[in-house]
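Report on the following structure.
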Amino acid sequence: MTDAACRREDMFVVRIWRESQPSGAAAWRGCSEHVTSGQRFYFASFADLIDFIRLRLDSDAETSERNRA
C-alpha cells in the first residue's frame with residue numbers, strides 16, 4: 001500500500017462566538033462538528049475542544065484497527 005492509501009483524514013468544522021454574560025463580561029463559546037459522523041460538541045473552553053477532537057480521532061483509529069483485523 002502507498003502512503004496515500006494508508007493516510008487517514010478527518011475534518012472538523014469549528015464555530016466560535018462571544019456571548020455576553022449577566023455580569024457584563026463576555027465569554028467565548030463554540031461548537032465543533034465531526035464532518036464524517038455528524039457528531040456535534042458544544043464547548044466553553046479550548047481544552048474541551050481539544051479533548052473532543054482527541055476522543056473522536058482515538059475512537060476512529062480503534063474502529064479502523066478492528067476493521068483491519
Side-chain angles (χ1 to χ4, degrees):
M1 248 184 217
T2 66
D3 287 341
C6 293
R7 183 178 67 209
R8 187 176 141 242
E9 295 182 4
D10 284 273
M11 184 181 300
F12 294 86
V13 174
V14 178
R15 293 179 179 91
I16 301 171
W17 62 88
R18 285 181 79 166
E19 288 184 352
S20 297
Q21 302 297 308
S23 66
W28 288 100
R29 300 285 186 249
C31 175
S32 177
E33 180 179 350
H34 182 244
V35 175
T36 305
S37 69
Q39 183 180 13
R40 286 188 180 176
F41 175 74
Y42 291 86
F43 59 91
S45 75
F46 290 110
D48 290 342
L49 170 62
I50 297 302
D51 288 344
F52 166 72
I53 291 173
R54 184 176 290 123
L55 288 170
R56 184 75 250 174
L57 295 177
D58 289 346
S59 172
D60 288 350
E62 288 174 12
T63 300
S64 210
E65 288 295 320
R66 278 189 298 240
N67 289 338
R68 276 191 263 178

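Just so you know, these numbers come straight off a predicted model, no measurement behind them. These values consider heavy atoms only, across backbone and side chains, with no hydrogens, waters or symmetry-generated copies.
- When all heavy atoms of Leu49 and Phe41 are compared, the pair lying nearest together is N-CE2, 4.3 Å.
- In this structure, Ile50 shares a hydrophobic cluster with no other residue, the cluster being traced through Ile, Leu, Val, Met, Phe, Trp and Tyr side chains under 4.5 angstrom apart.
- Under the side-chain hydrogen bond (donor to acceptor under 3.5 Å, both in side chains) criterion, Asp51 pairs with no residue, sequence neighbours left out.
- Put simply, OG on Ser59 and NE2 on His34 are 8.5 Å apart, with the number rounded to the nearest 0.5 Å.
- Residues that satisfy the side chain to side chain contact (heavy atoms under 4.5 Å, CB included) test with Ile16, not counting sequence neighbours, are Val14, Trp28, Phe43, Phe46.
- Here CZ of Arg56 is found 10.5 Å from OG of Ser32. Values are rounded to the nearest 0.5 Å.
- Contacts of Ala27 classified as side chain to side chain contact (heavy atoms under 4.5 Å, CB included), with partners at least two apart in sequence or in another chain: Gln21, Arg29.
- When the side-chain hydrogen bond (donor to acceptor under 3.5 Å, both in side chains) test is applied to Glu9, the partners found at least two apart in sequence or on another chain are Arg7.
- Remark: Arg40 engages Cys31, Glu33, Tyr42 in a side chain to side chain contact (heavy atoms under 4.5 Å, CB included) (not counting sequence neighbours).
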